Every structure is written in C-alpha cells, then in structure tokens.
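Atom set for the values below is all heavy atoms of this structure, side chains included, hydrogens, waters and symmetry mates excluded. Numbered from 1 within each chain, the chains take letters A, B, ... in sequence-line order. Note that the structure is a prediction, hence the values are computed from the model and not measured.
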Amino acid sequence: MREEVSQSEAKKRFVDDPLKLERLADFEGSDEIISTYTDGPFTDLCKGPHVPDTSYLKHFKLLHAAGAYWRGDERRQMLQRIYATAWFKQEDLDAYLHRIEESKRRDHRVLGKALDLFMFHPYSPGAAFWTERGTTLINTINEYLRELQRDDYKEIMTPLLYNKALWEISGHWGVYRDNMFLVLDKETGEHDFALKPMNCPSHHLLFASKKHSYRELPLRYNTYDVLHRNEVSGALSGLTRVRQFRQDDCHIYLMESQIADEVRRLTQFILGYYAAFGLTASLKFATRPAERVGTDEMWDAAERGLREALDATGLPYQLKEGDGAFYGPKIDFDVMDSIGRHWQLGTIQLDYSQPERFDLSYTGEDNHAHRPVLIHRAVSGSFERFIAILIEHFAGAFPVWLSPEQVRVLPIADDLAPHAAAVTAALRAAGIRAHLDDRSETLNYRIREAETMKVPYMAVIGKREAEANSVAIRERGAGKKQEVVALDAFVARVTNEIRTRALSTAAPVGAAQ
RNA sequence: GCUGACGUAGCUCAAAUGGCAGAGCACCUGAUUUGUAAUCAGGCGGUUGCGAGUUCGAUUCUCGCCGUCAGCUCCA
C-alpha cells in the first residue's frame, strides 16, 4: 500500500534507521514527494512503484546474495543485498531461469578450456594465452577484417611503449595514469614510460609526420596492436574484462563535409560484419555529456553532423542524451546474440578535440592549413571480448569458416591410415583446416571426441570409401545420419561454405556415391 | 581496489574432527583393428595455490600473499 507522507512524518517513522534518515535528508527543501509502502507489518521508504502486495509475486526465486556499498561508495558501510527474480507467470520465471542455465552452459570460460582455445595463468592475470586453436580463431576473424578493409584502409603498426610526454598531450597522464602500466626508465630512475591503453595518440603522431592534402581525406588508419589497461584486480573476468587486449581500431581523419558519407559507410560496414556472425545490432546515438571538452558550437556541429549522417542511413536508432564521450558524440552498436543477450560492441565517435590537442592539419583546396575532424571507430571492440561473445553465441559450435578445425578425418582401421592421410592432405591443399585422427582407438571413441570438440565435419574412411575415393560425412550434431560423397564433391562443398562464410552447413550436395 | 566464498593429480570432483590423500577422464605401455558418441588390462601422476606461525605432527587451525568466482566500484 502506498502512502505519501511529509518530511517530518517520514523522519518520525524511520527514526531507528540512520540510513533512511540520511536518504531523507537529501530531500530536505526539495519538492520531492516522499512515499512509503506497507505490506503486512513491513513499511519501507521507497519512491516506488511497488506491486500492491506480495500475492502478486507467487513465481519467484532467490538467486544469490552479495555485499553492496551503501550508495555505491566503497568507503561506506556494506549492506547485504539479496538478489531475487519474480514473474507474473510460472512460464516466464521458467523461461528466465532457463536463460540463466543456458548462459552457464555457454560460458566462454568453460568452453574455452573444453575446446582448447585459451587459458589464463596467475603470472599474467587478465591476459589470455591463446592455444593453436584459439589463435586460428583470432587469425580467421582478423583475415576477414583485413579483407573488408583492404582497399580503403591503411593498416599500420605503432609502438606499444611511449614516453609520458605523449600522454601529457593526450590528457591521459593527468586523469588515467592509475589505469596505465608504467615502466621504469633506468636512466632517469623514473616511471617515464607507459604501455599504450589506446591507439589514437600514436596514430596522430604518424599522421602529423608529414603534410597531408585534402585529396587524401578521408584518411583511414587501422590497426590490431596490443593495448594494456590496468584494470583493478576485482574487475577481471574471463575474456570479457582483461588487462591486455587487441582492438580492431581505426582512426579516420576527414573534412567536416565528409562526415555524413563516412558515417553511412561505417555503419553499413559494421552491420555487415556482424551479420557474417549471425549477430543483429541496434543503434544508439549518444549526445554531449555534462562533463566535456570543447565549445558548444563545436558540439552543435558535431551532433548535427553525426545525426544527419545517422538519419541518412535510414536505420532506426535510440537516442541516449548525455551519454557521449567527453570529446564528442557517438553511435554505439548494441548487438544481440543467439539467446537474446545484449552486448555493446562497435562504436563510431566524432572527435573535434584530439585534432586540436595534437595540432593536426591538412592543406585544403585554398592552400591553407585546416583542422581535420577525427572519427574513432571500433567494430568488434576487443578481439578478446568479441571471441568470448562468439563462443557463447554459438555455444562453441562455430560455423565451418570460423572453426579452428573444420574436418576431422577418421580411418576405420589402421591399414586405411595411409589413404586417410592422403585425403587429409588433399583437404589441406584445398585450404581446409583438416586433421587426421588415426590413433588405434575405436571409431566410436574418436567420433565421440570429435563431437565433443565440436568439429563441424567428420570424414570417415572405411574400405568402401578408400576404394571409391569417397568419404562418409558425419555432420556435427547430426548423429548417425551419414552421407557418402566423392572426395571432390566434399572438398567443393566445404570450400564453398568457407568462401561464403555460411552460418550453417549446406544442404546435402546430392548424389555422389 | 573493497566485501564474501573458494583454491586437493593435466581436467571434473571426492575425502580428511590435526595422524599414510582417492575416483573417473586425460596421459604412458600392452592387447584389440574397430562402420558412426567412451574396447580391455596395466602403469605414471600430489610438498592439497605460495610463504610464515601454532603444534610431537598442518593438507586441515591462525596470519600474510597470489589467483579464481559472485557482487560493489571502475571501464578514457
């Protein structure tokens, strides 16, 4: 039951509760309506709304308990917080719990170990070790990005370590030094160097190293360099929150008049990239935050430019007032995975500030120096986090083009191993990541292992197949349903799926006995 | 970083009230030659995360450190 009370009445009711009194004191003198809710013997101070009484909450489950700081301040006392979830219908509760279960089943930390993709070691907390299979996964994604960016982008590599003078120019030294890894310079005895936490300053140094004509713009530098951010230890979590990572980072130097066109291109580029993984994205437009650099005129121009560009794409987007970066407005890409979870991945950020700080310029048509506008762009965010999302999105069962191992060749008996080796070689020659498992284990054992490792295709080779130069294909998850096809046809089918980046395996290639 | 829980073989997990630490899988050896999700037998494998303290004795109790997890905070 809701009741609106006066300031003094509220104070009287919660006289034994110092925390509630503190909260009430915040409203002193304001016209905030103070409300309480009562259910049975329990009365709480709350803005609401609440359900009328707990009979509405028949379908609930307690989830977990944890400490939480009073008002989110780590210097304040810790309160016990109990998490629970409640739904109007049992089915809804079940569906929600099922989704939690499903998330657990797909946990990239568990699958990463089971599928032999990566590991962590206490000697380098927050930094992944990538196994051969995991490295293959990264490289495959990387190759795809390189292909997409081959024509219009200039891929560069810049140092990882910089003198603090650079970070003073960029402004990181003052505000973000605590989150940077500092390195001792033995000649000065000071921590004068730091590992880069982002790429932009180094890109600006390269840009500024020579004169640029307006004809070169937009100039797009992209990189996959390693970055380090010294996250607090308690924040680390699997691949989603790390200290060392790589971004598919890009900085675009351009004229104001080119913003709309560029943003449209970038948006299409990013959405197309997600689609290759079966991910759909929604767009968010974030405007000037309260704490920001630059003049209002600059922000007006930047927001107008970005907004017009966004409108020109014809795509729907959500407005997030005040959520922009301190140096400029941005478009964020919110991706939804196969079980309906949302992840913020890509971003397009307009920046008038850094070109100023780094005194960047290009020579215009009028033969005068002009300040370029800067766009920061990331597609996957970090590779580490993106791979974590992909692992959970696919539950480890990657489409063929992404799979670290695409085909496992299984001879039925030892005497077929030489032929199976030749088949493996033929698959590899066609650019297929194929492995031979000719251990003298039973066929069932080896099939089980290939299924467990989520290899998309098993090519079983018995006497009949060896004689006909065919393979008996078993598809991941398809059980006993096998299909015997000529080796050539199988090669054609797999290479085609790889080339087209098919998300699911193709329909049977038809008769090829 | 803060609060709490946890850390046992490569992995998943048992057990131990302070008194010789165990299984399955993996790995190795041998036998088996397999037609679509675990063949059989034997073997190897541990200062119970690290370091101190208490104790006749610590894997167990205490303290510190490292890491992981759940949250909080943070995320340029």
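Between the side chain of A:R229 and the base of B:C74, no donor-acceptor pair under 3.5 Å is found. Counting atom types as modelled, A:N444 pairs no side-chain N or O with a base atom of B:U36 as donor and acceptor under 3.5 Å. With hydrogens and angles ignored, a donor-acceptor pair closer than 3.5 Å exists between the side chain of A:E465 and the base of B:G35.
Going from the C1' atom of B:G18 to that of B:U60 covers 6 Å, rounded to whole Å. Rounded to whole Å, the separation between the P atoms of B:U12 and B:C74 comes to 33 Å. B:G51 sits 27 Å from B:G22 when the C1' atoms are compared, rounded to a whole Å. B:C61 and B:A5: their P atoms are spaced 13 Å apart (whole Å). B:A31 and B:G24 have their P atoms separated by 23 Å, with the value rounded to a whole Å.
OP1 and OP2 of B:U33 both lie 4.0 Å or more from every side-chain N or O belonging to A:S440. OP1 or OP2 of B:A70 sits under 4.0 Å from a side-chain N or O of A:R109. Between A:R474 and B:A37 there is a side-chain N or O to OP1 or OP2 distance below 4.0 Å. Under 4.0 angstrom from either OP1 or OP2 of B:A26 there lies at least one side-chain N or O belonging to A:Y445. The side chain of A:R241 contributes no N or O atom lying less than 4.0 Å from OP1 or OP2 of B:G71. Side-chain N/O atoms of A:T442 include one lying less than 4.0 angstrom from OP1 or OP2 on B:U39. Between A:K113 and B:U12, a side-chain N or O to OP1/OP2 separation shorter than 4.0 Å is present.
Residues in residues 168-184 of chain A take part in no salt bridge (Lys or Arg N to Asp or Glu O under 4.0 Å) pair, two or more places apart or across chains.
Side-chain contact of A:E297 with A:Y352: a donor-acceptor pair under 3.5 Å is absent, judged by distance alone.
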